[in-house]
Amino acid sequence: MVYGEFFHKNKNEEDLVKLNVGGFKQSVDQKTLLRFPHTRLGKLLNCHSEEDILELCDDYNVADKEYYFDRNPSFFRYILNFYYTGKLHVMEELCVFSFSQEIEYWGINELFIDSCCSNKYQEKKEIISEKDWEQKSDAISLGSSSDQSSVFERELELFDTLKFGNIRRKIWVRLENPAFCLSAKIFAIASLSVVLTSIVAMCIHSMPEFKRRDVNDRELEDPGLAVVEIVCIIWFTTELVVRLAVAPSQKKFWKNPMNIIDFVSIIPFYATLIVDTNDEENEGIENMGKVVQILRLMRIFRILKLARHSVGLRSLGATLRHSYHEVGLLMLFLAVGISIFSVLVYYVEKDEDQSGLHSIPMCWWWATISMTTVGYGDTHPVTLFGKLIGSVCIICGILVVALPITIIFNKFSKYYQKQKAIDVDGCNEDEPKDKFNDLPYFNIRDMYAKRMNSFISSLSSVGIIASGNDSTDASSIQEVEDALPATLK
């Protein structure tokens with residue numbers, strides 16, 4: 001690297017500009033600086049007052065006509081080389097961000113970077129830009145999850161102003177945080193077991209062996225499954241009522257999606273009881289059996305209760321909630337591809353009797369299962385051009401689905417790790433602050449004084465320290481203190 005100071009030539013002092021950059025002094029010809037009048041040093045020569053000069057530099061010595069800049073002196077050598085050669089080289093010791101700030105301060109465009117450094121500079125700049133984008137994306141998408149711990153702490157503080165706040169806080173923490181203590185874990189396992197039992201009972205109820213009908217051909221529930229259903233509903237109802245009773249804020253309680261799911265999961269049972277009662281009183285009501293079937297079908301929402309006890313399901317919900325841009329992009333790509341390939345295959349296959357692709361809606365179905373690589377095989381093209389279109393459709397489907405899926409998977413992984421960390425940290429939320437009060441207490445200063453007194457007394461008893469010589473006494477004590485370990489002082 002050839003720096004500008006090596007190009008310096010002797011000139012008249014009136015034609016030279018004295019520069020002092022962080023202690024590095026250099027005199028440069030005015031014509032050299034005026035080669036680039038739009039830079040900071042070029043504008044400096046066009047100033048007509050001291051106020052204008054101080055706007056461009058940090059200080060100005062009127063007597064010596066010296067301009068002072070509080071900047072990196074090592075980098076200024078590269079700036080001087082730029083004024084002499086017209087080419088800017090990248091300083092390896094500086095990171096890309098600092099280098100960009102420096103050239104921006106001196107008013108030099110990065111387009112002046114020489115070709116030997118331009119490619120490396122742009123690569124480093126792109127790497128930093130990608131990292132910044134990822135950090136901003138994580139900050140935006142993980143913002144709500146990162147605040148969960150602080151929200152939980154604020155909710156615990158609300159119990160201080162409530163009636164029976166201490167008892168309600170203990171119950172609330174054990175219901176909301178399974179990792180808090182052993183009793184909380186036992187309750188979480190019991191609640192999860194009841195949810196799974198309810199789901200299994202619902203599945204068994206659909207089997208023909210357990211279906212019964214009365215004389216009016218109405219479906220009856222199996223007595224054993226009915227008992228299981230009642231026990232599960234009693235558990236779900238009790239859990240919801242207890243959560244509602246001990247909640248610090250009723251308004252925030254109903255804004256929680258998990259609590260809404262708990263409420264929706266028990267509605268079908270009570271609604272079915274009401275409908276069955278009305279059906280017995282009003283036997284002429286039509287289609288009441290269909291209403292009962294729909295209400296029983298709503299019991300499928302109990303599966304969502306697993307999200308309260310599953311980190312993976314909560315992470316999946318958070319990922320979908322904060323990845324709507326990527327999900328929307330995926331749907332847009334699929335919609336465009338399905339529309340294009342369905343029309344193409346329709347015009348190729350519409351005249352073939354063996355092909356089932358005789359309408360565009362049917363071709364939409366074929367394009368959908370082809371682009372998502374499902375391929376049921378119920379409809380398929382039979383002509384050569386139809387098969388070629390199908391091959392291209394499958395390949396495009398793989399590419400289209402793979403693009404946003406990577407982003408969504410990365411977000412899911414981050415949410416999962418974050419949620420696990422929150423659950424682990426939650427067990428320390430309500431630890432007693434005075435847990436170290438029972439530790440033994442030692443006063444180091446008193447121990448040091450007692451040891452010193454006993455040590456000096458032992459020396460005096462053997463005649464090492466003379467009782468009548470005060471100066472010797474003081475110096476001996478000082479030597480003893482210097483000899484003691486620093487931890488006792």
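Note that the numbering runs from 1 along the sequence shown for the chain.
Remark: Ile186 CD1 to Leu182 CG distance equals 4.0 Å, nearest 0.5 Å. Rounding to the nearest 0.5 Å places CZ of Arg40 at 13.5 Å from CG of Leu33. The line from CG of Leu225 to SG of Cys232 is 10.5 Å long, rounded to the nearest 0.5 Å. Distance check: Tyr83 OH to Thr39 OG1 gives 2.5 Å after rounding to the nearest 0.5 Å. A distance of 10.5 Å separates CD in Glu104 from CD in Glu102, rounded to the nearest 0.5 Å. Once rounded to the nearest 0.5 Å, the distance linking OG of Ser249 with NZ of Lys255 reads 8.0 Å.
Defined by atom type and a distance below 3.5 Å, a donor-acceptor pair is present between the side-chain atoms of Asp378 and Trp365. Of the N and O atoms on the side chains of Glu349 and Thr383, at least one donor lies less than 3.5 Å from an acceptor on the other residue.
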- Message: Run the side-chain contact (heavy atoms from CB on, under 4.5 Å) test on Val195 and Phe236 for me, step by step, so that the C-alpha distance in whole Å, both residues' side-chain angles and the decisive distance to 0.1 Å come before the verdict.
- Response: CA-CA 9 Å; Val195 174; Phe236 296 151; 3.8 Å; yes
- Task: Apply side-chain contact (heavy atoms from CB on, under 4.5 Å) to the pair Ile108 and Leu88, showing each step before the final yes or no.
- Result: CA-CA 9 Å; Ile108 301 175; Leu88 182 64; 4.0 Å; yes
- Task: Would you please test Leu334 and Val401 for side-chain contact (heavy atoms from CB on, under 4.5 Å) and show each step?
- Result: CA-CA 8 Å; Leu334 288 176; Val401 172; 4.1 Å; yes
- Evaluate the side-chain contact (heavy atoms from CB on, under 4.5 Å) criterion for residues Gln122 and Glu110: first the C-alpha distance (whole Å), next the side-chain angles of each, then the deciding distance (0.1 Å), finally the verdict. CA-CA 10 Å; Gln122 294 298 334; Glu110 62 181 24; 4.1 Å; yes
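Pairs of residues two or more places apart, or lying in two chains, that qualify as side chain to side chain donor-acceptor pair (under 3.5 Å) and include a residue from residues 335-348 are Ser342-Trp364.
With contacts defined as side-chain heavy-atom distances shorter than 4.5 Å, the pair Phe341/Val345 does not qualify. No side-chain heavy atom of Ile103 sits less than 4.5 Å from a side-chain heavy atom of Tyr78. Leu388 has its side chain out of reach of Val392: every pair of non-hydrogen atoms, C-beta onward, lies at least 4.5 Å apart. Taking the side chain as every heavy atom from C-beta outward, Phe112 and Asn109 approach each other to under 4.5 Å. Annotation: side chain of Ile260 is not in contact with side chain of Asn256 (no heavy-atom distance under 4.5 Å). Within the 4.5 Å cutoff, side-chain heavy atoms of Leu244 are placed close to those of Gln250. Residues Cys396 and Phe333 are not in side-chain contact: their nearest non-hydrogen atoms beyond the backbone lie 4.5 Å or more apart. Proximity of Tyr270 to Thr237: side-chain heavy atoms (C-beta onward) are separated by under 4.5 Å at one or more points.
Remark: His358 NE2 is packed, more than 12 non-hydrogen atoms of other residues, nucleotides or ligands lying under 6.0 Å away. Residue-environment remark: NZ (Lys350) exceeds the threshold of 12 foreign heavy atoms within 6.0 Å.
Not a single donor-acceptor pair under 3.5 Å links the side chain of Arg71 to the backbone N or O of Phe76. Formation of a donor-acceptor pair under 3.5 Å by the Ser100 side chain with backbone atoms of Val96 is not found in this model. With hydrogens and angles disregarded, no donor-acceptor distance shorter than 3.5 Å links the side chain of Arg168 to the backbone of Phe164. Between the Asp58 side chain and the Asp70 main chain, a donor and an acceptor come within less than 3.5 Å of each other. Side-chain atoms of Ser193 come within 3.5 Å of backbone atoms of Ile189 as a donor-acceptor pair (strictly under, hydrogens ignored). Between the side chain of Arg35 and the backbone N or O of Tyr84 there is at least one donor-acceptor pair closer than 3.5 Å. Proximity of a side-chain donor or acceptor of Ser191 to a complementary backbone N or O of Ala188 within less than 3.5 Å is not detected.
Here the shortest heavy-atom pairing between Gly22 and Pro73 reads O-CG, 3.9 Å. Residues Val348 and Gly386 come closest through the heavy atom pair CG1-N, 3.5 Å. Minimum heavy-atom separation, Met371 to Gly337: SD-C, 3.4 Å. Between Leu56 and Tyr105 the shortest heavy-atom distance is O-OH, 3.9 Å. Residues Ser355 and Val382 come closest through the heavy atom pair CB-CG2, 3.9 Å. Annotation for Met362 and Leu357: closest pair O-CD2, 4.1 Å, computed over non-hydrogen atoms.
You'll find the ring centres of Phe263 and Trp254 inside the 6.0 Å limit. Between Phe187 and Trp235, the ring centre distance stays below 6.0 Å. Annotation: Phe36 is in aromatic contact with Phe82 [ring centroid separation under 6.0 Å]. Aromatic pair Tyr121/Phe99: ring centres closer than 6.0 Å.
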